[in-house]
Amino acid sequence: MTRVITFGTFDIFHVGHLNILKRAAEYGDYLIVGVSTDALNFSKKQRYPVCPQNSRAEIVDALACVDHVFYEESLELKRQYIIDHKADFLVMGDDWQGKFDEFSDICKVVYLPRTPSISTTELIEIVKER
Ligand code: CTP
């Protein structure tokens, strides 16, 4: 069985999120998703996601293409998460191009093109302007 892992916040779930998860799932038979915790987001961006971690994880877990969800609590633990979940592939959007090449000693690292013209940040801006 080929196991695929990916990571993200998946706040205000949108079609760009759906697309990357569906495409990541095509690399194997079992898709594992690390959903970043509220605390991790706060430490990175000094703001909390709009949707709390349990809601974000519940939405991702409900998708047909997703087999397992866990909380990503720290960026420093990525190597450990990949090992613990026995991932054969790490798949990320190409906004991360090159950033995870250090893990190519333990899994294949793949960057997929982002879906154009949509992001959580953009959605927040659009809603604010209305
Ligand atoms: N992603 C994508 N296409 C988009 C938006 C996101 O493929 N249009 C991918 C990212 O590359 C990442 C995953 O979805 O692998 C989770 O991204 P996340 O940061 O949670 O979503 P964004 O919409 O990029 O959020 P933000 O605007 O806060 O950065």
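First listed ligand is number 1; within each ligand, the first listed atom is number 1. When a residue number appears, it is its place in the shown sequence, counting from 1.
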- Where the closest heavy atom to atom 16 (C) of ligand 1 is concerned, which of W96, F10, F13, Y111 has it? F10

- Message: Would you say V69 ends up clustered with Y81 if hydrophobic residues are merged whenever their side chains have heavy atoms under 4.5 Å apart, either directly or through other cluster members?
- Response: no

- Query: Side-chain heavy atoms under 4.5 angstrom apart, residues restricted to Ile, Leu, Val, Met, Phe, Trp, Tyr: same cluster for Y27 and F103?
  - Reply: no

- Specify the protein heavy atom at minimum distance from atom 3 (N) of ligand 1: its residue, its atom name, and the distance to 0.1 Å. T115 N, 3.1 Å

- Minimum-distance protein heavy atom relative to atom 4 (C) of ligand 1: I118 O, 3.5 Å

- Task: Starting at CD of Q46, measure out to CG of N41 and round the result to the nearest 0.5 Å.
- Result: 11.0 Å

- Message: Return the NE2 to CZ distance between H68 and R3, rounded to the nearest 0.5 Å.
- Response: 8.5 Å

- Is it true that H14 lies under 4.0 Å from ligand 1, counting heavy atoms only? yes

- Item | Within-shell test, N19 vs ligand 1, heavy atom, strictly < 4.0 Å | no

- Take atom CZ of F7 as the centre, draw a 6.0 Å sphere, and report whether it contains more than 12 heavy atoms from other residues, nucleotides or ligands. yes

- Message: Please determine whether the number of non-hydrogen atoms from other residues, nucleotides or ligands lying under 6.0 Å from atom NZ of K86 exceeds 12.
- Response: no

- Message: Using the rule side-chain contact (heavy atoms from CB on, under 4.5 Å), only one of V91, T6, T115 pairs with R23; which is it?
- Response: T115

- Query: At a non-hydrogen distance cut-off of under 4.0 Å, which region of D95 contacts ligand 1 (side chain, backbone, both, or neither)?
  - Reply: side chain

- Message: For T121, which part has a heavy atom under 4.0 Å from ligand 1: side chain, backbone, both, or neither?
- Response: both

- Check whether any N or O atom of G93, backbone or side chain, sits under 3.5 Å from an N or O atom of ligand 1, and answer yes or no. yes

- atom 19 (O) of ligand 1 touched by protein (heavy atom, under 4.0 Å): no

- Enumerate the atoms of ligand 1 whose separation from the nearest heavy atom of K45 is less than 4.0 angstrom. 28 (O)

